[in-house]
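Reviewing the structure listed below.
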Amino acid sequence: MKWLRGARTIPSAPWTAPSTWQPTASSFAVLIIGLTLLGVGDGLLVVANIGTTPWTVLAQGVAVHSPWDIGFASFVVSLGVLLFWFPLRQRPGVGTVTNVVVIAIALGATAALLKSPDLYAAKIAFVFAGIALMGLGSGLYLTTGLGPGPRDGAMTGIHHRTGWPVGIVRLGIEVTVVVIGWLLGGTVGLGTVLFALLIGQVVAIYLGFVARLRGAHT
């Protein structure tokens with residue numbers, strides 16, 4: 001059962017880079033794998049069509065009112081979030097730039113290649129598989145030390161500037177984003193609720209795996 005205990009912080013890993021702008025071969029490879037898993041997992045929630053992540057709800061809403069597909073809409077949303085980094089004095093890294101591109105491509109490709117299943121049980125399975133992949137992807141990419149993605153950076157930036165607890169900041173951002181996305185026409189449903197309830201602990205569990213892996217190599 002100890003493997004189900006989540007980490008309380010982001011641990012270093014055998015592949016952690018020396019700085020956000022100095023990727024090693026291993027850290028960059030893990031970064032790409034992690035971000036691809038995030039995009040594919042997000043795409044599975046979209047294909048399930050019973051509600052997806054708050055940020056993808058926003059991307060869906062943007063896509064409804066534009067000629068863009070959901071992948072490119074996600075890319076545009078990420079670029080928009082980056083604009084808020086300037087007043088927050090948040091510093092980017094290789095992972096920040098790569099995050100915007102890789103997740104958008106993987107999300108768009110997954111949503112385009114897969115069809116929504118007819119059985120509701122299969123839709124639920126897609127949601128759980130998507131959450132698991134996104135948790136694994138986050139656990140990998142965050143431990144590379146190459147910088148957060150636009151959305152994670154906005155959260156940590158607000159936290160550092162205001163002193164508000166990270167959990168409160170994350171909750172406020174997610175609620176705001178999902179409301180705006182829903183008003184624009186994005187899909188909110190059971191998948192959105194399951195993601196909100198589970199993703200934090202799933203990410204923590206995978207980070208815990210990395211922490212224990214690090215301990216086994218030291």
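When reading the values below, keep in mind they use all heavy atoms of this one structure, side chains included, and skip hydrogens, waters and symmetry mates. Small disclaimer: the values here were computed from a predicted structure and weren't measured. Here, residue 1 is the first one in the sequence, and each next residue gets the next number.
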Check whether any side-chain N or O of [X] sits under 3.5 Å from a backbone N or O of [Y] as a donor-acceptor pair, and report yes or no.
{"X": "Trp182", "Y": "Pro54", "value": "no"}
{"X": "Ser138", "Y": "Gly135", "value": "no"}
{"X": "Thr176", "Y": "Gly172", "value": "yes"}
{"X": "Lys123", "Y": "Ile50", "value": "no"}
{"X": "Thr192", "Y": "Thr52", "value": "yes"}
{"X": "Ser27", "Y": "Thr144", "value": "no"}
{"X": "Ser74", "Y": "Ile70", "value": "no"}
{"X": "Thr96", "Y": "Pro148", "value": "yes"}
{"X": "Thr20", "Y": "Gly147", "value": "no"}

**Asked** For Trp55 and Glu174, what are the C-alpha separation, side-chain angles and deciding distance, and is it a side-chain contact (heavy atoms from CB on, under 4.5 Å)?
**Response** CA-CA 8 Å; Trp55 285 101; Glu174 298 292 330; 3.7 Å; yes
Identify whether [X] and [Y] are in the same connected component of the hydrophobic contact network (ILVMFWY, side-chain heavy atoms under 4.5 Å).
{"X": "Val193", "Y": "Val46", "result": "no"}
{"X": "Val179", "Y": "Val64", "result": "no"}
{"X": "Leu79", "Y": "Leu107", "result": "no"}

**Prompt:** Which pair of non-hydrogen atoms, one from Val47 and one from Pro117, has the smallest distance, and what is that distance?
**Reply:** O-CD, 4.2 Å
**Request:** Over all heavy atoms of both residues, which pair between Leu45 and Gly191 is shortest? Give the atoms and the distance, please.
**Result:** CD2-O, 4.4 Å
**Of Leu37, Leu31, Ile33, Ile32, the residue whose pairing with Tyr141 passes side chain to side chain contact (heavy atoms under 4.5 Å, CB included)** = Leu31
**Item:** From Leu58, Val62, Val57, Val175, residue fulfilling side chain to side chain contact (heavy atoms under 4.5 Å, CB included) relative to Ile180
**Value:** Leu58
**Message:** Could you check whether atom CH2 of Trp85 has more than 12 heavy atoms from other residues, nucleotides or ligands sitting under 6.0 Å from it?
**Reply:** yes
**Message:** Could you tell me if the side chain of Leu38 sits less than 4.5 Å from the side chain of Asp42, heavy atoms only?
**Reply:** no
**Request:** Mind running side-chain hydrogen bond (donor to acceptor under 3.5 Å, both in side chains) on Trp15 and Thr24 for me, showing each step along the way?
**Result:** CA-CA 8 Å; Trp15 52 78; Thr24 60; over 6 Å; no
**Message:** If we count only N and O atoms by modelled type, under 3.5 Å, do the side chains of Ser116 and Asn49 hold a donor and an acceptor together?
**Reply:** no
**Prompt:** What do the steps show when you test Leu207 against Thr143 for side-chain contact (heavy atoms from CB on, under 4.5 Å), and what is the final call?
**Reply:** CA-CA 8 Å; Leu207 290 175; Thr143 56; 3.7 Å; yes
